[in-house]
Amino acid sequence: MAYQGILDDLKKCIALEKPSRVPCFPLGIDFDVWQGGATHRDYRNNPETMIRTGINAVEKFDYDWFILFPDDLIEWESTGIEVTDDEIVPPAVSKYLDPLRSTLDRLPVPDPEKSGRMPLHLAGLRGIKKYFGDTICLTGRIAAPFTGVSLLIGVEAMLMMMLEDPDLLQDWMKYISKCNRVWAQAQIEAGADALWLGDCLATSNFISVNDFVNIAAPHADKSARMISGYGAFSFYHGSESSLEHLTAAARHVSASAINLGEKLDIIKAFSATEEKKCLMGNLDPLTVLERGSRETVLRETKRIVKSGMEGTGYIFCTAEGIAHDTPPENVKACVETVHRTGVYL
C-alpha cells in the first residue's frame, strides 16, 4: 500500500524497533510483468512499460514497495557476454567470457548513462519515483561480487576458479565491486530507496560456510556498506536454507536486512543469529502462493508474519520471486493478510 510512513517503518525494522506495521514486500518480478500485460522483451527495453508495470503492481496488489528487476544482466551486456532476447522470458547468457586474466584486464567499467540498457533502467526508476514519491520503497538491484562473477564467466568456471586460482577470483570480484559502485550510485541517484543485493551462489547450495566467510562475505559486505554510504537500504538475498550460513551472513555482511529461504524455520532463524539482524522473506512462492489453496495462503502468511513480529525486526517478503502464473487472488489474499495481521499495537 502506498503510504507516507513506509520508509520510516522500514528504518525502524532495520533498527530492530517496532514499526507501525510490517512492511509488505512481495517479490513480484515475473508475476508483476505478466499482471501488467507486458512481455519481458518490452519490459526490459521500455522505461514507460517499467513505469506502468510498477504502478499497476502497487495499485492493484497493494504492495508497500516496487522492485524494478527486469533481469540480472542489465549492467553486464556491454562487457561482451552474449545474451538471449526472448519475448516472453527474461534474458539468459548464451555465451560467457573466457575466465582468464587477459579477459579481465581488458574489461571496462560500464557507464550507467550510456552502456546498453542501463539508461533505460534509470529512466524507469525516475518515472516510478516521480509517481509514488516516498509512499513506497522503490528498490533497484545489483549482484554481490561472488555471484556477479558467475554472470560473466558462468557458475562452473567461477567455482573452479575458486579452487584452482583463488587470487584471480579475488581480482574478478574486485572488478565486480568497481562496477557495482557506479551502478549502485546511479540507481540511488535515480530514486531507488534500496537495492536488492543478490548472492544466490554464496549459499549452502554451492559453498561451505568457511568459504562463504573467507571468500564471498567480505565482498558482499563492501557492497552493503557502499549502498549504505550512498544513503540507501540493502536487502541481501540468497534464499538461504542453512542456519549456519545465515548466522555467518548476519555476522559478516552489513546489509540492512537478509532475505530467508522457505526451508528455514523463522523462529529458529531469529534465535540463531547472534548478531541481531532484520530478517525478510520465508514465504514459499511456489507451494503456497502458486499451488496452494486460499486457506493455505491465509494460514501460512499469518503464521510467518506473527512469527516475524515476535523476532527482532521483520519485513514480509517471499523467499523467491512469485511465478508468472500464480493466481492473482492468492497474491491479493497474501497481501491483505500481511496488512491485517502485521499491525503493531
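Atom set for the values below is all heavy atoms of this structure, side chains included, hydrogens, waters and symmetry mates excluded. Nothing here was measured: the structure is a model prediction, and the numbers come from that model.
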Exercise. Checking ring pair (Phe, Tyr, Trp, His ring centres under 6.0 Å) for the pair Phe212/Phe146: CA distance, chi angles, key distance, verdict?
Worked result: CA-CA 9 Å; Phe212 172 78; Phe146 186 78; 8.7 Å; no
Exercise. Is it true that the NZ or CZ of Arg21 lies under 6.0 Å from the centre of Tyr3's six-membered ring and within 45 degrees of the ring axis?
Worked result: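 Yes, a cation-pi geometry holds between Arg21 and Tyr3.
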salt_bridge([X], [Y]) N-O dist < 4.0 Å:
| X | Y | result |
| --- | --- | --- |
| Glu77 | Arg117 | yes |
| Asp8 | Lys12 | no |
| Arg141 | Glu75 | yes |
| Lys11 | Asp193 | no |

Is there any side-chain hydrogen bond (donor to acceptor under 3.5 Å, both in side chains) pair reaching into [range], and which pairs are they, with sequence neighbours excluded?
| range | answer |
| --- | --- |
| residues 92-101 | Arg101-Asp171 |
| residues 145-154 | Thr147-Asp199 |
| residues 281-291 | Asp284-Thr287 |

For this session: Report, as yes or no, whether the 6.0 Å neighbourhood of atom NZ on Lys60 holds more than 12 heavy atoms from other residues, nucleotides or ligands.
Result: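 Counting other residues, nucleotides and ligands, NZ of Lys60 exceeds 12 neighbours.
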Problem set entry | Donor-acceptor pair between His40 and Asp30 side chains, under 3.5 angstrom |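 Judged by distance alone, the side chains do pair up.
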Problem set entry | Check: Ser242 and Thr203 side chains under 4.5 Å, non-hydrogen atoms |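 Thr203 does not reach Ser242 side chain to side chain.
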Problem set entry | Within the 6.0 Å centroid threshold, strictly below: His219 and Trp172 |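 They do not qualify: ring centres at least 6.0 Å apart.
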